[in-house]
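Structure record follows, encoded as structure tokens.
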Amino acid sequence: VTSTDGYLNRREALSSALAIGCTASGLFGSTVLSATGMESMIDSVNPRLFSFVGGATGPWRVTSSKAIVGEPMPEVSNLQIVNVDVPIASSNQWVLRGITSNERYATREEKNLLLQKQAPIGRPAASLSALIPIRKNAKWWALTQDERRAIFEERSHHVSIGLKYLPAIARRLHHCRDLAETEPFDFLTLFDYDNSNEAAFDDMLAELRATEEWKFIDREVDIRLVKA
Ligand code: HEM
């Protein structure tokens with residue numbers, strides 16, 4: 001299955017799961033996906049759940065994969081981003097899963113600014129993408145919400161740094177921590193932009209990585225992608 005913008009819709013994603021021989025469990029109830037059952041499955045799948053499948057095929061080609069902190073990810077040539085649960089990886093691929101969610105930190109004022117400036121991910125001209133899975137340490141998760149907010153924004157300026165780069169950079173945040181299984185990361189952050197904004201993206205990363213918030217990150221892998 002191919003898609004023009006590199007992101008598969010739910011129907012395409014299910015066909016794609018079939019094509020990569022995925023045996024569905026959990027949400028699909030331990031059956032091999034069949035094309036005939038696809039219609040009813042579309043309704044039963046969590047629309048906020050995304051799987052990032054690293055392997056030999058997919059509309060995004062991996063141009064680099066670097067461990068910034070902690071363990072690297074196994075090397076793959078391509079990535080598929082699908083809006084369904086892909087629970088089982090064959091030997092040559094990995095799967096990272098996360099769900100989009102409500103906001104935890106943004107204030108009303110920040111949210112309004114974000115809504116005014118941000119662009120949706122998947123613009124046709126955005127031929128470059130970055131998937132940056134992140135895990136935060138136990139010290140972070142032991143803090144209270146107000147303590148985390150103070151580090152995140154008042155002391156690290158995450159939103160005000162990020163806002164400077166909108167709408168050139170589009171983003172989507174996926175949470176892994178609340179999924180039932182033990183996941184290797186807490187967040188899967190996804191960005192896209194066109195060629196002329198690659199340097200700006202790197203500048204933003206340098207700014208963010210120098211903040212107090214980033215001291216709580218104990219695993220970060222920077223995976224760069226180009227539309228294949
Ligand atoms: C494109 C500019 C960016 C903007 C506008 C932005 C904005 C935001 C906002 C508003 C939140 C809070 C969501 C909430 O209220 O729960 C957030 C969370 C987050 N962002 Fe960014 N961000 C940007 C870039 C980045 C980059 C480049 C990374 C990683 C390399 C990143 C990683 C994260 C992570 C991991 C969280 C979750 C933090 C937590 O819940 O502990 N962001 N971002």
Open item on the list: On a heavy-atom basis, which atom in S65 and which in V221 lie closest, and how many Å separate them?
Closed with: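 So the two residues come closest at OG-CG1, 3.9 Å.
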Task: For L166 against I169, the heavy-atom pair lying closest together - done: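 Looks like CD2-O, 3.2 Å.
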TODO: Would you please indicate if the ring centroids of F201 and F191 are separated by under 6.0 Å?
DONE: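 Yes.
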Less than 4.0 angstrom from a charged side-chain N to a carboxylate O is my criterion; do [X] and [Y] meet it?
| X | Y | result |
| --- | --- | --- |
| K136 | E213 | yes |
| D218 | R135 | yes |
| E103 | R149 | no |
| D146 | R148 | no |

TODO: Take I68 and R209 through the test side chain to side chain contact (heavy atoms under 4.5 Å, CB included) and record every step on the way to the result.
DONE: CA-CA 10 Å; I68 306 300; R209 286 177 180 150; 3.6 Å; yes
Task: Under 3.5 Å donor-acceptor, D85 side chain and S51 backbone - done: no
- [ ] For the pair S127 (side chain) and K227 (backbone), establish whether a donor and an acceptor sit closer than 3.5 Å, ignoring hydrogens and angles.
- [x] no
Taking atom [atom1] of [X] as the centre, does the number of heavy atoms from other residues, nucleotides or ligands within less than 6.0 Å exceed 12?
| X | atom1 | result |
| --- | --- | --- |
| E75 | CD | no |
| K117 | NZ | yes |
| E109 | CD | no |

TODO: Please work out whether the ring planes of F52 and H174 are parallel, tilted or perpendicular, with thresholds of 30° and 60°.
DONE: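 Answer is perpendicular, since the angle exceeds 60°.
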Open item on the list: Test side chain to side chain contact (heavy atoms under 4.5 Å, CB included) on K66 and R224; report intermediate values, then the result.
Closed with: CA-CA 9 Å; K66 288 184 198 137; R224 299 299 175 96; over 6 Å; no
Open item on the list: Just to verify, what does R155 make a side-chain contact (heavy atoms from CB on, under 4.5 Å) with, not counting sequence neighbours?
Closed with: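 side-chain contact (heavy atoms from CB on, under 4.5 Å) check on R155 returns A150, I151, E212.
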TODO: Check the pair L205 / D222 against side chain to side chain contact (heavy atoms under 4.5 Å, CB included), numbers first and verdict last.
DONE: CA-CA 10 Å; L205 279 176; D222 187 333; 3.6 Å; yes
Task: Contacts of type salt bridge (Lys or Arg N to Asp or Glu O under 4.0 Å), residue R61, not counting sequence neighbours - done: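 With sequence neighbours excluded, R61 shows a salt bridge (Lys or Arg N to Asp or Glu O under 4.0 Å) to no residue whatsoever.
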Open item on the list: In the structure I gave you, are the side-chain heavy atoms of F216 and L143 within less than 4.5 Å of one another anywhere?
Closed with: yes
